[in-house]
Amino acid sequence: VITYTTIICGLCREGHVILAAHIFRSMQRQGVLPNVYTYNAMMDGHCKAASPSEAFSLFQEMLRNGLWPNIVTFGTLIDGSCKVGDLVSAQMLVACMMKQGILPNALIYNCLIDGYCKACNVEEAVCVYSGMTKLNIWPNVFTYSILIKALCNKYRGVEAAALLHKMQQAGIQANLVTYNTLIGGYCKQQNMDAALKICSLMIENRIEPDVITYASLIDGYCKQGMVNLAMGLYSEMAIKGLTPDVVAYTALIDGHYKDGNLNEAFRLHKEMEDLGITPNAFTLSSMVDGLSKAGRVNEAVKFLQGRMELTDLTGTTPSQGPDASPDWRYSLPNRITYTALIHSLCRDGQIVKAQKFSRDMRIFGLRPDVVTYNVLMWGQCQSRHLLNAMSLHADMLKMGIEPD
RNA sequence: ACACAUGAAGUUU
């Protein structure tokens with residue numbers, strides 16, 4: 001059982017949930033019965049794949065098999081529910097576990113607080129927070145990081161920094177994630193001076209900046225149009241022995257495109273591939289959008305078609321079976337990539353080709369969203385095809401997409 | 001052998 005559980009856990013962590021589910025079934029066929037740990041691991045896999053409903057049916061199954069859920073079981077399901085914004089289910093699970101005499105711990109309160117914060121319901125988050133302190137369950141470094149992030153998202157950077165102080169005074173040391181959260185928050189607000197101040201604070205506290213720290217700063221500088229400073233950090237990473245990852249590269253590529261420096265964007269794109277860092281849908285979107293906005297629409301089309309042929313080749317051979325290798329799935333274009341391309345074709349007056357790609361994306365199972373429809377309607381209006389624009393509008397209503 | 005927090009891309013000329 002321990003061997004199987006370890007394997008299932010590892011597969012889930014790598015994103016191979018479907019494969020893990022097959023192992024989970026085949027172990028039972030071989031007479032090895034899953035225990036609470038196995039069920040917990042499998043449920044967590046489903047939750048992390050954003051399908052808590054699968055996890056809930058396993059939960060029912062484990063109850064039918066006479067296994068008692070423990071605090072990890074509830075923590076897993078509560079986190080999964082919170083992550084998809086289903087706070088009603090999360091609260092029901094809390095009530096359910098308490099009825100069984102299991103009291104929620106700080107981890108479970110953290111999941112609820114994070115869930116409410118991400119649902120933009122800070123009042124409820126604060127309620128949960130005071131609820132836990134009243135029960136003498138003390139907020140930990142996770143709790144504070146979650147709250148700091150929520151304040152940053154509300155453009156309350158000053159209060160976020162104050163909370164950093166408060167946690168230190170409560171005897172809780174900020175860690176790498178806490179600092180990165182604040183740095184990222186300031187970078188997003190384009191307050192690079194404040195971000196750098198937090199960097200020096202973390203270094204004073206002997207916490208080494210990592211790839212995420214650098215990527216946040218790089219993106220912040222790129223968005224300020226200070227690509228030279230971003231490149232300075234990029235070379236600093238190399239000296240420190242840190243390799244930029246796909247996120248850092250994508251931020252730089254996007255920054256160079258928006259700076260009008262296409263050659264540097266191309267160079268970085270080639271460099272990351274040479275290093276074995278697979279460009280993902282974000283990278284593809286930046287490439288397509290950058291090429292398009294530089295007036296090189298047809299190259300953007302060719303680039304994307306080239307990528308798709310490439311992924312088809314690698315996608316059919318090594319990843320047969322029930323699970324798909326994320327290597328090729330992640331490098332496929334997504335809805336945003338297509339929308340960027342459709343927009344550029346519309347801008348270029350190639351409305352028929354834009355419609356072709358709009359059909360293609362559906363064939364690949366990608367649902368257009370409100371931005372895609374906005375772009376398509378804008379394209380029709382540009383061509384003075386007003387009735388086509390209206391039928392697109394009717395279409396989106398029929399698909400249940402709210403116009404904005 | 002099991003659960004919690006951090007960074008990148010598209011519409012509004």
Side-chain angles (χ1 to χ4, degrees), chain A residues 1-10 12 35-45 47-48 70-80 82-83 105-115 117-118 140-150 152 175-185 187-188 210-220 222-223 245-255 257 280-290 292-293 333-344 346-347 369-379 382 404:
Chain A
V1 192
I2 297 179
T3 313
Y4 275 109
T5 306
T6 311
I7 291 168
I8 287 168
C9 198
C12 289
N35 61 17
V36 185
Y37 287 66
T38 325
Y39 272 103
N40 288 348
M42 199 59 243
M43 287 190 290
D44 189 47
C47 287
K48 296 234 158 56
N70 60 18
I71 190 159
V72 176
T73 316
F74 285 108
T76 305
L77 292 172
I78 289 167
D79 182 46
C82 289
K83 286 227 158 58
N105 57 12
L107 186 152
I108 286 172
Y109 283 106
N110 290 341
C111 295
L112 292 169
I113 294 171
D114 193 45
C117 285
K118 292 202 167 122
N140 59 23
V141 65
F142 283 77
T143 322
Y144 281 105
S145 301
I146 291 162
L147 293 170
I148 286 171
K149 165 116 189 105
C152 287
N175 65 16
L176 181 60
V177 174
T178 321
Y179 285 114
N180 281 347
T181 304
L182 245 185
I183 290 165
C187 287
K188 201 171 287 290
D210 71 348
V211 180
I212 294 187
T213 322
Y214 276 98
S216 306
L217 293 166
I218 284 172
D219 186 53
C222 283
K223 294 220 162 45
D245 63 3
V246 60
V247 176
Y249 269 109
T250 303
L252 280 169
I253 288 169
D254 196 65
Y257 270 122
N280 61 18
F282 282 71
T283 324
L284 298 188
S285 303
S286 283
M287 294 290 291
V288 165
D289 187 54
S292 304
K293 291 199 172 126
N334 64 9
R335 180 205 318 220
I336 295 185
T337 321
Y338 273 100
T339 303
L341 192 69
I342 290 167
H343 183 209
S344 73
C346 290
R347 217 171 12 212
D369 67 0
V370 61
V371 178
T372 318
Y373 273 106
N374 285 348
V375 160
L376 282 166
M377 290 187 289
W378 178 85
Q382 289 300 297
D404 63 5

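Heavy-atom basis, side chains included; hydrogens, waters and symmetry copies ignored. Letters A, B, ... mirror the listed sequences (proteins, then strands); counts begin at 1.
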CZ (A/Phe142) and CG (A/Asn175) are apart, to the nearest 0.5 Å, by 7.5 Å
A/Phe74 atom CZ is separated from B/C2 atom C1', nearest whole Å, by 15 Å
Reading nucleotides 8-13 of chain B from 5' to 3' and marking B where a protein heavy atom lies under 4.0 Å of the base, S where only the sugar-phosphate is that close, and - otherwise, the string is BBBBS-
| field | B/C4 phosphate, OP1 or OP2, under 4.0 Å from A/Lys149 side-chain N/O | value | no
Would you tell me if any nitrogen or oxygen in the side chain of A/Lys48 comes within less than 4.0 Å of OP1 or OP2 on B/C4? yes
Interatomic distance, SG@A/Cys222 vs CG@A/Leu252, rounded to 0.5 Å, equals 5.0 Å
A/Ile2 atom CD1 is separated from B/A1 atom P, nearest whole Å, by 7 Å
Quiz prompt | Any donor-acceptor N/O pair, A/Thr372 side chain to A/Asp369 backbone, under 3.5 Å | solution = yes
- request: Please tell me if the side chains of A/Asn70 and A/Asn40 come closer than 4.5 Å, counting only heavy atoms from C-beta onward.
  value: yes
**Item:** Donor-acceptor pair under 3.5 Å, A/Asn180 side chain vs B/A5 base
**Value:** no
In whole angstroms, the gap separating C1' of B/A3 from CE of A/Met42 amounts to 15 Å
Rounded to whole Å, the CG-P distance (A/Leu147 to B/U6) equals 12 Å
Atom CG of A/Asp79 and atom C1' of B/A5 are separated, to the nearest Å, by 10 Å
Next item on the list: Would you tell me whether A/Ser292 and A/Asp289 have side-chain atoms, one donor and one acceptor, within less than 3.5 Å of each other?
Entry: no
Side-chain atoms of A/Ile212 come closest, of B/A1, B/G7, B/A5, to B/G7
Whole-Å distance, A/Ile148 CD1 to B/A5 P, equals 15 Å
Taking the side chain as every heavy atom from C-beta outward, state whether A/Thr250 and A/Val247 have any pair of such atoms under 4.5 Å apart.
no
Between CG of A/Leu176 and P of B/G7 the distance, given in whole Å, is 13 Å
Separation of B/A5 atom P from A/Ile113 atom CD1, nearest Å, is 13 Å
At 4.0 Å (heavy atoms only), tell me whether A/Asp210 reaches a base, stays on the sugar-phosphate, or touches nothing. nothing
Notebook entry, point to check: At under 4.0 Å between heavy atoms, what does A/Thr5 touch on the DNA or RNA strands: base, sugar-phosphate, or nothing?
Noted result: base
Checklist entry - When all nucleic acid strands are considered with a 4.0 Å heavy-atom cut-off, which category describes A/Ile71: base, sugar-phosphate, or nothing? => result base
When A/Thr337, A/Ile342, A/Thr339 are each screened for side-chain contact (heavy atoms from CB on, under 4.5 Å) with A/Val288, the one that passes is A/Thr337
